[in-house]
Amino acid sequence: DPTVLIRDLRVRYGPREPWALDGVDLEIPAGWTVAVVGPSGAGKSTLASVLLRFRDPDGGSVSIGGADITSYPADEVRAVVSGVPQDPHVFASTLRENLRLARPGAPDGELWAALRRARLADEVAAMPKGLDTLVGTHGLGLSGGMVQRLALARAVLAAPRVLVLDEPTAHLDPDARDAVVADLLDAVEDYSTLLITHDLTGLERVDRIYVVREGRVLQEGTHAELAEAD
Ligand code: ADP
Ligand code: ADP
């Protein structure tokens with residue numbers, strides 16, 4: 001069975017609102033990275049918020065590891081699904097404290113393991129103060145890519161089976177984007193991952209791509225298949 005199985009998912013923000021998701025079918029087999037691509041308003045963030053259990057479906061189903069998503073207690077779901085939002089929070093504190101938000105009291109060894117997974121360990125090890133390095137609000141002193149990888153390390157520390165990356169390059173300058181996408185794709189290789197993004201750029205290595213618009217899946221395929229259809 002795929003890790004994530006979405007069938008005929010429908011979501012709307014009010015009884016008179018149009019469907020933000022209007023019958024979406026999507027699967028994430030174990031260890032795959034699946035991208036959801038589409039213009040603003042297509043329903044991508046809504047999909048992320050259902051997977052992260054910020055919203056319940058209004059129709060259809062989402063199952064994770066064979067269990068319906070609504071059957072996971074709120075305090076257990078974060079160990080199953082976690083993510084990196086568009087604009088990750090960074091607190092004006094040490095890197096250690098920023099990482100421990102995900103797992104209070106976690107020993108340094110676990111923090112380093114998460115940093116390695118997120119491809120951030122070398123940079124932190126090269127800092128004179130290592131985990132004791134102070135970072136400013138909004139990650140002052142960190143590059144945009146490092147902020148994304150710090151948030152990814154946090155998501156990984158929560159020990160999820162499924163990662164949701166919500167437009168990880170939305171706030172980065174175009175020159176940095178390709179490298180950040182490549183780093184993130186390396187880092188999430190072993191996870192079942194949903195990557196939300198605007199366009200097909202940098203998605204050659206993704207296992208499958210869904211193109212969404214107005215709450216529906218328009219096309220589905222590999223990067224090569226979709227690039228050819230363009
Ligand atoms: P995307 O992430 O692809 O830009 P969204 O999931 O944010 O798309 O939005 C899908 C649709 O749902 C849009 O029509 C949007 O206006 C609507 N929508 C999103 N969030 C809300 C909300 N909190 N309240 C009402 N409508 C919303
Ligand atoms: P926390 O668990 O830190 O109290 P939340 O419950 O708001 O915070 O978020 C849970 C996890 O989901 C966090 O790792 C957060 O960074 C991530 N997250 C929040 N919003 C999004 C989003 N739109 N897309 C992806 N990940 C998100």
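Just so you know, these numbers come straight off a predicted model, no measurement behind them. In each ligand, atom 1 is the first atom listed, and ligand 1 is the first ligand listed. Start at 1 with the first residue, then count along the sequence.
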Tell me whether the count of non-hydrogen atoms from other residues, nucleotides or ligands lying under 6.0 Å of CD in Glu214 goes above 12.
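No, not enclosed.
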Within the 4.0 Å heavy-atom sphere of ligand 1, strictly under, residues:
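Correct list: Tyr13, Ala20, Pro39, Ser40, Gly41, Ala42, Gly43, Lys44, Ser45, Thr46.
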Using distance alone, with no hydrogens and no angle criterion, decide if Thr33 and Tyr191 have a side-chain donor and acceptor under 3.5 Å apart.
no
Taking the side chain as every heavy atom from C-beta outward, state whether Ile28 and Ser192 have any atom pair closer than 4.5 Å.
yes
With side chains defined as the heavy atoms from C-beta onward, is the minimum distance between Leu131 and Leu99 less than 4.5 Å?
yes
Any pair with a residue in residues 56-65 that passes salt bridge (charged side-chain N to carboxylate O under 4.0 Å, His left out), sequence neighbours left out, goes on the list, sorted by first then second residue, please.
Arg53-Asp56
Can you get from Leu184 to Leu200 by hopping between Ile, Leu, Val, Met, Phe, Trp and Tyr side chains that sit under 4.5 Å apart?
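Yes, same cluster.
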